[in-house]
Amino acid sequence: MASSPRAAHPSPIARIAALPGWVIVMIAAILARIAVFGDPVVHVDEEFYYVTAHEMWRGALPFVDIWDRKPIGLFLLFLPAAWLPLPWGTFAYQVLATAALILTALIVARLARRAGWGAGALFAALAYVWWPDLLNGVGGQSPIFYNLPMAAAGALIVAGEGSRSPRALGCAAMALVGIALQIKYSAVFEGVFFGLWLMWREWRRHGAVPGTLIYGAVLAALALVPTALAWGYYAAIGQSDAFLFANFLSIQHRNDNPLPEMLGNIGTLVLILSPLVAMAFGARGQAVGGDAAARRFLFCWFGAALAGLAVFGTWFDHYGLPVLVPGCACAAGFFGAPRFRARAAPVILAIVALGGLITVLVNRHNRGDAAQFAALNRAVGHGPGCLYVYSGTTMLYAETGRCRLSRYVVPAHLNRARENGATGVDQASEVRRILAARPAVVVMRPPFGGERPEIRAIVSAEMARDYRLAHALPMGTETISIYELKR
């Protein structure tokens, strides 16, 4: 019997569904991020990561010549991209971040299948690809990178159940945790959980307390090796104090954000993550075969990630990105359940994808885009003279090539109330010192929440006395003022 036209010519959706899972995930990841590819001002955090790596090529040493609290491994990740001129450097780190996103999503699917949620594994991977757009994770935020070694570590722990070499796999997992810690230290919460789980599994198998404690010590040592090596390097060059203060001590001195801002951040995280939590814990009995120990591990990991998010404080939306790895893996049980798989799961993922796209476009409208940045760059120019970005995008340092006058490149370190007394320098004194060095160009955005008015007053007085307003250009919903030193 001749085939029907419908069978001879399958629909586009049917053709996509017939593709291998990794191809579908790759296409979804590209579509989720294509709106910002090449945009150098996606988020203030990754702008600074790129600028720091760019300054490293010019001889700057993090924590000494350019200051921040992020571990050295994060800046090393951006180093190859920062060797390239913009916009190619932006493309490079964004492609790297997209690759990390895809690989992590594939591990999420693998974890779901191991737990017995194979029917929802692809949906879980797609959820991991699309959910970051809702959490300011569309670019190169640090969790997009460190989620990959953490996901791989989780997969090794799961593989250790029933393995002939569970200790070796556990050691490998904690070595990956060590790599994640050198991308961002907030991975410590999940890392501690991994170590405790492995120790509990060791004790359950052998019942020997001394052996379990020795194994735990080995696991902890492996997780700390990359950080110890970084500290050892700085100690060898006489900068141990600078390393310790920036990496571990300064955060203790940072002030809280204003209460309304913190409550807003909490509300945003609850709104975005609560559907995932509901799906993950609402379908616990949906496994088909699989490994019960893997399911227990994933649920406990998800709980540990949520606890780490709650404990960390400040609660910026992108702090929720680490929760997505175990959360999406657990949600595979919901996505694959017979009563949800056909209709509810595709609709939910479509809503997440659409919501993510809207979020990305709104953020781009508010923050500005590549074209506006290019106009800003032309106005600032390439010299002569140094640049001081009092507030605004730090990518101007990398694009213009102008010299900087302080190791405090992140504007918030010198103008936000939460950083007052937390960076090792008096904010007002450092700002006055920078202005006394007579920067040729000063960039200022309008006043903003959390800014110290007295610091802005210092800069504004100097602008009125010795500078002229050369340009006032749009950047998203703001107007950026560019001042030039009077000759």
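Note that these values count all heavy atoms, side chains included, but never hydrogens, waters or copies made by symmetry. Along the sequence shown, residues carry numbers from 1. Everything numeric in this text was worked out from a predicted model, so none of it was measured.
Looking only at side-chain heavy atoms (C-beta outward), F448 and R416 come within less than 4.5 Å of each other. Between V177 and V188, the closest side-chain pair of non-hydrogen atoms is not below 4.5 Å. Contact annotation: the side chain of V362 never approaches that of H365 to less than 4.5 Å [non-hydrogen atoms, C-beta and beyond].
Remark: R164 engages no residue in a salt bridge (Lys or Arg N to Asp or Glu O under 4.0 Å) (not counting sequence neighbours). Taking E430 as the reference, R433 meet the salt bridge (Lys or Arg N to Asp or Glu O under 4.0 Å) condition, with sequence neighbours excluded. A search for salt bridge (Lys or Arg N to Asp or Glu O under 4.0 Å) contacts involving D68 returns K70, not counting sequence neighbours.
Residue pairs meeting the ring-ring contact (aromatic ring centres under 6.0 Å, His included) criterion with at least one partner in residues 461-487, sequence neighbours excluded, do not occur; the list is empty.
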Could you pull out every donor-acceptor pair under 3.5 Å between side chains of residues 434-443 and any protein atom, sequence neighbours left out?
unit_1 : atom_1 : unit_2 : atom_2 : d
R438   : NH1    : E462   : OE2    : 3.1
R438   : NH1    : D466   : OD2    : 3.0

Taking distance alone, no hydrogens or angles, what donor-acceptor pairs closer than 3.5 Å link side-chain atoms of residues 143-155 to residues at least two apart or in another chain?
unit_1 : atom_1 : unit_2 : atom_2 : d
Y146   : OH     : S186   : OG     : 3.1
N147   : ND2    : Y128   : OH     : 3.0
N147   : ND2    : P143   : O      : 3.3
N147   : ND2    : L321   : O      : 3.2

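Although no hydrogens or angles enter the test, the distance criterion places a donor-acceptor pair under 3.5 Å between the side chain of Q94 and the main chain of D39. Remark: side-chain polar atoms of Y49 are not paired, donor with acceptor, to backbone N or O of S142 under 3.5 angstrom.
By the 4.0 Å N-to-carboxylate-O rule, E419 lies close enough to R69 to be salt-bridged with it. The pair K184-E190 does not meet the salt-bridge criterion, since no charged nitrogen lies less than 4.0 angstrom from a carboxylate oxygen. Remark: E55 engages R404 in a salt bridge, criterion side-chain N to carboxylate O under 4.0 Å.
Contact record, P71 with F75: O-CD1, 3.8 Å, taken as the closest heavy-atom pair.
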### Task
Apply the test ring pair (Phe, Tyr, Trp, His ring centres under 6.0 Å) to residues W301 and F194: give CA-CA distance (whole Å), side-chain angles for both, the deciding distance (0.1 Å), then the verdict.
CA-CA 8 Å; W301 178 7; F194 284 1; 5.0 Å; yes
### Message
If you apply the rule ring pair (Phe, Tyr, Trp, His ring centres under 6.0 Å), what do you find for F63 with F243, and how did you get there?
### Response
CA-CA 6 Å; F63 319 129; F243 178 88; 5.7 Å; yes
### Task
Output, in order, the C-alpha distance, side-chain angles, deciding distance and verdict of side-chain contact (heavy atoms from CB on, under 4.5 Å) for Y408 and Q427.
CA-CA 10 Å; Y408 299 95; Q427 290 177 320; over 6 Å; no
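Just one residue in the list T394, V36, T393 forms a side chain to side chain contact (heavy atoms under 4.5 Å, CB included) with V41, and that residue is T393. The side chain to side chain contact (heavy atoms under 4.5 Å, CB included) test with L414 is passed by exactly one of V425, V459, I455: V425. When each of V42, T98, V138 is checked for a side chain to side chain contact (heavy atoms under 4.5 Å, CB included) with F37, only T98 meets the rule.
Aromatic pair F193/F297: ring centres closer than 6.0 Å.
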